[in-house]
Protein chains: 2
Amino acid sequence: MKHTIHTLNKAFDHRVRLGVMAVLLGQSDPVSFNELKETLDLTDGNLASHVAALEKAGYVQVSKQFVGKKPNTTYTPSSEGKQAFQEHLNALEKLLRG
Amino acid sequence: MKHTIHTLNKAFDHRVRLGVMAVLLGQSDPVSFNELKETLDLTDGNLASHVAALEKAGYVQVSKQFVGKKPNTTYTPSSEGKQAFQEHLNALEKLLRG
DNA sequence: TTATCAGCTTTGCAAAACAAAGTGCTTTTA
DNA sequence: TAAAAGCACTTTGTTTTGCAAAGCTGATAA
């Protein structure tokens, strides 16, 4: 019965990134920077750095447009992101059930 | 629908500490340093520092005895540890289900 | 007596986390 | 029209965390 914590994905091994993924996957529509920021109660810089990490890993896609005259950045999970996250959750469950 | 990642317990917000708790809670008997080390595949120092953190938080109890003539350190989750861990898992589930 | 085991502690470095302030651009608002 | 405010960052600087590797202690086995 190997408790291999090493199959947990480091990209998701932090509450902020976990929260970001949970929010994105819980919504069928893209989620904006400000929605994320308020939902997760984070500072701008903190959120920006964590989503940047997820983007760099290829787990979220970023799209920038204008809503009316206001800039609006939204995030969606990529298909690799969805899969990697699911695998992470599976590994978590496995770990927690021995 | 508040995705409050802030209810996650920082003491368990790391794969090693998560693994330690999972192992300890999965076993009805105390678990030795070496069992933990092998099960989780960690170096001495790394394991030592993480269990020290859990001990400092009051989440695991440490007992030192001799088995035959060899020293043997074992770990058990405290009742606060069990409760806190359960709450952490509840918070996790809640987060993951919106 | 040299080596080995258990269980740490120390050292030293690198990466990560975070808050706070700054930035550039646009748009309200007074 | 000048000041304020919103969006989405980036930069700066500090603190915290993680980790491997080496060292250490006290005991035993070879």
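Quick note on labels: first sequence line is chain A, next is B, and so on, each numbered from 1.
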For C:dC18, take OP1 and OP2 only and decide whether either is under 4.0 Å from a side-chain N or O of A:H14. yes
Verdict with supporting geometry, A:K64 and A:N72, side chain to side chain contact (heavy atoms under 4.5 Å, CB included): CA-CA 6 Å; A:K64 287 155 198 285; A:N72 187 258; over 6 Å; no
Looking across every strand, which nucleic acid part, if any, lies under 4.0 Å from A:K69 by heavy atom: base, sugar-phosphate, or nothing? sugar-phosphate
In whole angstrom, what separates B:Q65's CD from D:dA27's P? 17 Å
Please figure out whether A:K70 or A:G45 has its closest DNA chain C nucleotide nearer the 5' end. A:G45
Whole-Å distance between D:dC9 C1' and A:L42 CG? 15 Å
Would one find a side-chain N or O of B:S49 under 4.0 angstrom from OP1 or OP2 of D:dT17? no
Return whichever of A:P71 or A:D44 has its heavy-atom-nearest nucleotide of DNA chain C closer to the 5' end. A:D44
Centre-to-centre under 6.0 Å for A:F85 and A:Y59, is that the case here? no
Within less than 4.0 Å of OP1 or OP2 of D:dC9, is there a side-chain N or O belonging to A:H50? no
At under 4.0 Å, does any side-chain N or O of B:T43 touch on OP1 or OP2 of D:dC19? no
Measuring from the side chain of B:R15 (C-beta onward, heavy atoms only), which nucleotide among D:dC9, D:dG18, C:dT9 has the closest atom? D:dG18
Regarding B:N46, tell me which of base, sugar-phosphate or nothing describes its non-hydrogen contacts under 4.0 Å with the strands shown. sugar-phosphate
Rounded distance (Å) that lies between atom C1' of C:dA19 and atom NE2 of B:H6: 13 Å
Tell me the closest heavy-atom pair linking A:A91 and A:T7, and the distance in Å. CB-OG1, 3.5 Å
Quickly work out the B:D41 CG to D:dG18 P distance and round it to whole Å. 18 Å
Distance check needed: D:dC19 P versus B:L40 CG, whole Å only. 12 Å
Nearest whole Å is fine: how far is C:dC25 P from A:K64 NZ? 14 Å
What's A:Y75 touching, base or sugar-phosphate or nothing? Going by heavy atoms closer than 4.0 Å. sugar-phosphate
OP1 or OP2 of D:dA8 less than 4.0 angstrom from a side-chain nitrogen or oxygen of A:N34, does that happen here? yes
Let's see if you can work this out: which of D:dC19, C:dA17, C:dC8 has an atom nearest to the side-chain heavy atoms of B:A48? C:dC8
Starting at atom CD of B:E55, determine the distance to atom C1' of C:dC8, rounded to an integer number of angstrom. 12 Å
Length of the line joining B:K56:NZ and D:dT16:C1', which is rounded to integer Å: 12 Å
Ignoring the backbone of B:F33, work out which of D:dA8, C:dC8, C:dC18 is nearest its side chain. C:dC8
A:R17 has its side chain closest, among C:dA17, C:dG7, D:dC9, to C:dA17
Smallest heavy-atom separation, A:V62 atom then A:E55 atom, equals CG2-CD, 3.4 Å
Here the pair of heavy atoms bringing B:M21 nearest to B:P77 is CE-CB, 4.4 Å
Where the side chain of A:K10 is concerned, which of D:dA20, D:dC19, C:dG7 is the nearest nucleotide? D:dC19
Rounded to the nearest 0.5 Å, how far apart are CD1 of A:I5 and CG of B:D41? 8.0 Å
